[in-house]
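The structure appears below as structure tokens.
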Amino acid sequence: MKTNSTFAGISQNYAGLDTSKIVLIPVPYDGTSTWGKGSDKGPEAFLEASENMELYDIETDSEVYKNGIYLTEPVTVNATPEAMVDAVHQETKRFIKKNKFVTIFGGEHSISIGTIRAFNEMFPNLTVLHIDAHADLRKSYEGSACNHACAVYEASQNTNLIQVGIRSMDAKEKSVMDLDKTFFAHEMAIDDTWMDAAIDQMTENVFITFDLDAFDPSILPSTGTPEPGGLFWYETLDFLKQVFAEKNVVGFDIVELCPNNVDKSSDFLAAKLYYKMLSYKFKGQDAEENYDNTYDITYQPSSTSSKFEEDEY
């Protein structure tokens, strides 16, 4: 992955660590995916698309980049999945401790094990909002608990996990799943109340992990495991806008962009989604205001073990 100097080509005036409210960590990793390969190219494609994106958001009447977006060096670990998860965990936590709004762009979904672990250690009573086509609740897969198929198993044990858009899973995952906090795509399609129902079950602090295959492949085909029957653009934005308005979203990651050389629309959608989420988070905030005390970061003992047991999946 080549190193882009700034997100969206913004001026260095808005891209320095000390003056930025937002941190963006790219993680070009694709070590455990089992079908379509290429999500390690996702961060570069996302960053290239962002350079062709208008930075004025019409809906929020804002230019959120003026709050400052610091682009870190990519997290690259050529070792085991466990080593990658640990590296992401440590890097994410390092920037949370700097009192930044930390965002991460993958890479495959296994990186979220590290991001969620970091946020859960730093924010009390955390809700993880998991937007995805797949349940990702296997305790272990192909010999590792740090597989993309296990992305939110740890979150299911240690946080308030809410799953939205699910339409593909193994039967064994149902034994782990909280059905009262799972919103299946086929039910969402005929239920106008699902957004409110999901938000009602969230705690105040929310971390969002967004797998791009949550979208219908008709609007985002470039992902490793596309599933029919997914979310569309405006319903997704409507839901996210409500979450950001009603809860304290403490950070988010976006994963599983698997770019191709022919159609760049998925890359651009990913860039637009990222920018929209930032626009919702910082809507109404003065870009020049002091960033100190924006978040009440409360340390708590880790509820997560560094070792994992495998099961029979």
Tell me, please, which residues at least two apart from Glu91 pass salt bridge (charged side-chain N to carboxylate O under 4.0 Å, His left out).
Arg94
Look at the rings of Phe46 and Phe105 and say which category their plane angle falls in: under 30° parallel, 30 to 60° tilted, over 60° perpendicular.
parallel
Once the angle between the rings of Tyr70 and Phe95 is folded into 0 to 90°, is it parallel (under 30°), tilted (30 to 60°) or perpendicular (over 60°)?
tilted
Check for me whether the distance between the ring centres of Phe101 and Phe282 falls short of 6.0 Å.
yes
Going by the rule salt bridge (charged side-chain N to carboxylate O under 4.0 Å, His left out), which residues pair with Lys276 if we only count those two or more places apart in sequence or in a different chain?
Asp57, Glu59
Donor-acceptor pair, side chain of Lys281 and main chain of Val249, under 3.5 angstrom
yes
Can you tell if the side chain of Glu154 reaches within under 4.5 Å of the side chain of Gln157, non-hydrogen atoms only?
no
Minimal non-hydrogen separation, Gly251 against Phe207, with atom names
O-CD1, 3.2 Å
Quick one: are Asn147 and Ser110 in side-chain contact, heavy atoms under 4.5 Å?
no
Please tell me if the side chains of Val27 and Val255 come closer than 4.5 Å, counting only heavy atoms from C-beta onward.
no
Side chains of Asp211 and His134 only: does a donor on one sit below 3.5 Å from an acceptor on the other?
no
Counting N and O atoms only, with roles assigned by atom type, does the side chain of Ser20 sit under 3.5 Å from a partner on the main chain of Leu17, one being a donor and the other an acceptor?
no
Separation between CD1 of Ile25 and CG of Asp253, rounded to the nearest 0.5 Å:
10.0 Å
Strictly below 4.0 Å, N to O, side chains only: are Lys41 and Glu44 in salt-bridge contact?
no
Given side chains that start at C-beta, do those of Leu55 and Val64 come closer than 4.5 Å, heavy atoms only?
no
Short question: side chain of Thr103, backbone of Val23 - any donor-acceptor pair under 3.5 Å?
yes
Residue among Ile162, Val128, Asn160, Thr127 satisfying side-chain contact (heavy atoms from CB on, under 4.5 Å) with Val206
Thr127
Tell me every residue that passes ring pair (Phe, Tyr, Trp, His ring centres under 6.0 Å) with Phe239, counting only those two or more places apart in sequence or in another chain.
Trp194
Any donor and acceptor pair, going by atom type alone, linking the side chain of Ser266 with main-chain N or O of Ser222 inside 3.5 Å?
yes
Please answer: with hydrophobic residues joined when any side-chain heavy atoms are less than 4.5 Å apart, are Leu179 and Leu137 in the same cluster?
yes
To the nearest 0.5 Å, atom CD of Glu256 lies from atom OG1 of Thr209 at 9.5 Å
Would you mind reporting whether Val176 and Arg138 have side-chain heavy atoms less than 4.5 Å apart?
no
Check: Tyr275 ring centre within less than 6.0 Å of Tyr65 ring centre:
no
Does Phe210 have its ring centroid less than 6.0 Å away from the ring centroid of Phe215?
yes
Is Asp200 atom CG crowded by more than 12 heavy atoms from other residues, nucleotides or ligands, each under 6.0 Å away?
yes
Distance-only side-chain donor-acceptor flag, Asn205 / Asn248, under 3.5 Å:
yes
Give a yes or no on whether Lys181 atom NZ has more than 12 heavy-atom contacts from other residues, nucleotides or ligands under 6.0 Å away.
yes
Distance-only check: which donor-acceptor pairs under 3.5 Å involve side-chain atoms of residues 226-235, not counting sequence neighbours?
residue : atom : partner : partner atom : Å
Glu227  : OE2  : Ser168  : OG           : 3.3
Glu235  : OE2  : Phe232  : N            : 2.9

pair Ile104-Thr92: side-chain heavy atoms closer than 4.5 Å:
yes
Asp191: what forms a side-chain hydrogen bond (donor to acceptor under 3.5 Å, both in side chains) with it, not counting sequence neighbours?
Thr193
Taking ILVMFWY side chains as joined if any heavy atoms are under 4.5 angstrom apart, and letting links pass through other members, which residues group with Ile58?
Tyr56
